[in-house]
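Counting from 1, the numbers follow the sequence of the chain as shown.
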Amino acid sequence: MQLKWTAVTLAALALVACGKKEEAAAPAPAPTTAAAPAPAAPPADALVVKIGHVGPTSGAIAHLGKDNELGARMAIEDLNAKGVKIGDKVAKFELLAEDDAADPKQGTAVAQKLVDSKVNGVVGHLNSGTTIPASKIYSDAGIPQVSPSATNPKYTRQGFKTTFRVVADDTQLGGTLGKYAVDTLKGKNIAVIDDRTAYGQGVAEEFEKAVKAAGGTIVGHEFTTDKSTDFNAILTKLKGAKPDVLFFGGMDAVGGPMLKQVKQLGMNVKFMGGDGLCTGELAKLAGDAIGEDMVVCAEAGGVEGDFKQPLEDFKAKFKAKNGVDVQIYAPYVYDAVNVLAEAMVKAGSAEPEKYLPELSKIQYKGVTGPIAFDEKGDIKNGALTIYTYKGGARTQIAVVRGAS
């Protein structure tokens, strides 16, 4: 991706007497460029709006959780800079950020903490395994929850009125990849590994269904965990089945080391995975095992046409502000926070029961594309972006859009 930078260079001037003993240098002139004015402070009677954000900011996939949290912080700062009005009051947005460490028990504990803190809405969690159990707690409290990254279909199929998702689900994600494995990669013998999490198992099952529907053959399905580091036993078993495609349902923290062991065993396969694998960090985790065009994965989101530039602009702003590239879902978090705020503006209230009806019928133009929800709370016409890795960098192949 191309990043736009601006730099201000200050030159210090020193005066040195020619042919004489050096005299003390004159002081450097003060910079003539005025500092940017600080955003105006919200008025004393501003309406305080608390937005909760939850992601794993500790543990093996902390880089993804921190990426999401930075997206939320940018949204909060931008909303406050705009002086958004809800009803007749200027709103002061506050972020209450929590760490669930990708652990379901910790996820429910911090969900209850946010409920007790009387948040007006929640963006998160990152993983399906934490998002799904937490969603009941938010539903019972009547607090709207927008997930920017959890893809297990169950999340929005529990009958809750408070659950929303701004990315495509595993039915589209795994299904698209399964069809792609057979139709485009020409895979005939396809092996599957999943990490037994709600996310990994869900996307692997949808992938397997789509492979079979497209006429492919599943030659083996093995299991690991989201904390494993040794995969030699299951890889050796699958190697005997001579697969030409190996799909992994899990996250990059496990997928990277797995790729190294795939290379060590001399397995000549295309390595596939969903959005948990499809990150900027994967190339670092896999090292030279990433190969060229060897990995094919999909992000549960994507933009085309006129939406490409706003997304690139966001990524450039994110890098300039935070000093790191977007990993994967920060833009979706940014949009999720703004969608909550937009619904509150339309309702003239930040009270969950009052703005929830507006959220369910929202039509919002975000940096990740148009956002509107179906009757379950899933994004309409959700996109998927298929990637590979070249020269150690994630490279887009195509954007595929699901049914509306």
Donor-acceptor pair, Lys50 side chain versus Ser117 backbone, under 3.5 Å?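 Indeed, once roles are kept as given, a pair shorter than 3.5 Å links the two residues.
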Can you tell if the side chain of Val295 reaches within under 4.5 Å of the side chain of Arg394, non-hydrogen atoms only?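 No; the side chains remain at least 4.5 Å from each other.
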Quick one about Gln112 and Asp116 (side-chain donor to acceptor, distance below 3.5 Å, no hydrogens or angles considered), yes or no? yes
How far apart are the closest heavy atoms of Val182 and Ala214, and which atoms are they?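 In terms of heavy atoms, the two residues are closest at CG1-O, 3.5 Å.
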Pairwise distance CZ(Phe231) to CD(Gln264) - rounded to 0.5 angstrom: 11.0 Å
Are any non-hydrogen side-chain atoms of Leu235 and Ile193 less than 4.5 angstrom apart?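 The answer is yes; the side chains approach within 4.5 Å.
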If you compare all heavy atoms of Gly121 against all heavy atoms of Tyr355, which two are closest, and at what distance to 0.1 Å?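 Residues Gly121 and Tyr355, closest heavy atoms: CA-OH, 3.5 Å.
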Does Lys154, at its NZ atom, have more than 12 non-hydrogen atoms belonging to other residues, nucleotides or ligands within less than 6.0 Å?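 No, not enclosed.
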Side chains of Ile190 and Ile218 in contact at under 4.5 Å (non-hydrogen atoms):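 Heavy-atom side-chain distance check passes, below 4.5 Å.
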Which residue, Asp378, Asp169, Thr131, forms the side-chain contact (heavy atoms from CB on, under 4.5 Å) with Tyr155? Thr131
Spell out, as yes or no, whether a donor-acceptor pair under 3.5 Å connects the side chain of Asp244 to the backbone of Lys188. yes
Before accepting this row, confirm whether a basic side-chain N of the pair Arg196/Asp194 lies closer than 4.0 Å to the acidic partner's carboxylate O.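 Looking at Arg196 and Asp194, the cut-off is met.
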Heavy-atom donor-acceptor pair, Glu206 side chain to Gly178 backbone, under 3.5 Å: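 No, Glu206 side chain to Gly178 backbone: no donor-acceptor pair under 3.5 Å.
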How long is the span from the CD atom in Gln327 to the NE2 atom in His63, to the nearest 0.5 Å? 5.0 Å
Would you please classify the geometry between the Tyr334 ring and the Phe314 ring as parallel, tilted or perpendicular, with 30° and 60° separating the classes?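 Answer is tilted, since the angle falls between 30° and 60°.
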side-chain contact (heavy atoms from CB on, under 4.5 Å), that's the test. Do Val110 and Asp99 meet it? Break it down for me. CA-CA 7 Å; Val110 296; Asp99 173 24; over 6 Å; no
If you measure only the distance, is there a donor-acceptor pair under 3.5 Å linking the side chains of Thr57 and Glu69?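 Note: Thr57 and Glu69 side chains miss the donor-acceptor criterion.
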Using modelled atom types only, decide if a donor and an acceptor are shared between the side chain of Thr130 and the backbone of Asp103 within a distance under 3.5 Å. no
Thr225 and Asp195, any side-chain heavy atoms less than 4.5 Å apart: no
Leu359 and Val339: side-chain contact (heavy atoms from CB on, under 4.5 Å), yes or no, with the steps? CA-CA 7 Å; Leu359 183 59; Val339 162; 3.4 Å; yes
For the backbone of Asn152 and the side chain of Arg165, can you confirm whether one donor and one acceptor N or O come within less than 3.5 Å of each other? yes
Between Asn68 and Ser149 the two heavy atoms that sit nearest each other are ND2-OG, 3.8 Å
Take Thr163 and Gln158, measure what side-chain hydrogen bond (donor to acceptor under 3.5 Å, both in side chains) needs, and give me the verdict at the end. CA-CA 9 Å; Thr163 55; Gln158 302 172 92; 5.8 Å; no
Answer yes when Lys263 and Asp288 have at least one side-chain N-carboxylate O distance shorter than 4.0 Å, and no when they do not. yes
Can you measure from CG (Asp100) to NE2 (His53) and round to the nearest 0.5 angstrom?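 With rounding to 0.5 Å, CG (Asp100) is 9.0 Å from NE2 (His53).
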For the residue pair Ser128 and Pro133, what are the closest heavy atoms and their distance? O-CD, 4.2 Å
Can you tell me how far the CE atom of Met272 sits from the OG1 atom of Thr388, to the nearest 0.5 Å? 10.0 Å
His125 versus Pro148, closest heavy-atom pair with distance: O-CD, 4.0 Å
Which value, rounded to the nearest 0.5 Å, describes the distance between Phe373 atom CZ and Lys380 atom NZ?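 Answer rounded to 0.5 Å: 10.5 Å.
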Step-by-step side-chain contact (heavy atoms from CB on, under 4.5 Å) determination, Leu47 to Lys85: CA-CA 9 Å; Leu47 175 67; Lys85 290 188 76 172; over 6 Å; no
Would a distance-only check, ignoring hydrogens and angles, find a side-chain to backbone donor-acceptor pair under 3.5 Å from Tyr329 to Ala300? yes
Check for a donor-acceptor pair, side chain of Gln145 on one end and backbone N or O of Gly124 on the other, with a separation under 3.5 Å. yes
Apply side-chain contact (heavy atoms from CB on, under 4.5 Å) to residues Lys346 and Lys361 and explain how you reach the verdict. CA-CA 11 Å; Lys346 287 184 177 296; Lys361 60 185 180 183; over 6 Å; no
Do the side chains of Asp67 and Val326 get nearer than 4.5 Å, heavy atoms only?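 Of all side-chain heavy-atom pairs linking Asp67 with Val326, at least one is under 4.5 Å.
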Without hydrogens or angle criteria, can the side chains of Asp226 and Tyr199 be said to hold a donor-acceptor pair below 3.5 Å? no
May I ask you to decide whether Lys136 forms a salt bridge with Asp140, counting only side-chain N to carboxylate O separations under 4.0 Å?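 Here Lys136 pairs with Asp140 in a salt bridge, since their nearest N and O are under 4.0 Å apart.
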Could you tell me if Lys365 sits above the aromatic ring of Phe307, with its cationic atom closer than 6.0 Å to the ring centre and no more than 45 degrees from the axis? yes
Polar side-chain atom of Lys242 near backbone of Lys239 as donor-acceptor pair, under 3.5 Å: no
Residue among Val296, Leu259, Leu282 satisfying side-chain contact (heavy atoms from CB on, under 4.5 Å) with Leu277: Leu282
Considering only heavy atoms from C-beta outward, does the side chain of Val303 approach that of Val399 to under 4.5 Å? no
Would you say the side chain of Thr279 lies within less than 4.5 Å of the side chain of Met251, judging by non-hydrogen atoms? no
To the closest 0.5 Å, what do you measure between CG (Leu246) and CE (Met294)?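 With rounding to 0.5 Å, CG (Leu246) is 8.0 Å from CE (Met294).
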side-chain contact (heavy atoms from CB on, under 4.5 Å) with Tyr332: which of Val146, Thr368, Ile371? Thr368
Once side chain to side chain donor-acceptor pair (under 3.5 Å) is applied, do any residues pair with Thr151, and if so which ones, sequence neighbours excluded?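 In terms of side chain to side chain donor-acceptor pair (under 3.5 Å), with neighbours along the sequence ignored, Thr151 is linked to Asp170.
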Glu358 side chain to Met344 backbone, donor-acceptor under 3.5 Å: no
Under a 4.0 Å N-O cut-off, is there an ion pair linking Asp374 with Lys376?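 A salt bridge is present here (some side-chain N lies under 4.0 Å from a carboxylate O).
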Salt-bridged, Glu208 to Lys212, with N to O below 4.0 Å?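 The answer is yes: the pair qualifies as a salt bridge.
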Would you confirm whether Thr395, through its side chain, and Ala393, through its main-chain N or O, come within 3.5 Å as a donor-acceptor pair?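 Yes, the answer is positive, given that a donor and an acceptor are paired below the 3.5 Å cut-off.
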Which atom names give the shortest non-hydrogen contact between Ala210 and Lys179, and what distance separates them?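 Looks like CB-N, 3.9 Å.
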With a 4.5 Å limit on heavy-atom distance, are the side chains of Thr236 and Leu265 in contact?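 The answer is yes; the side chains approach within 4.5 Å.
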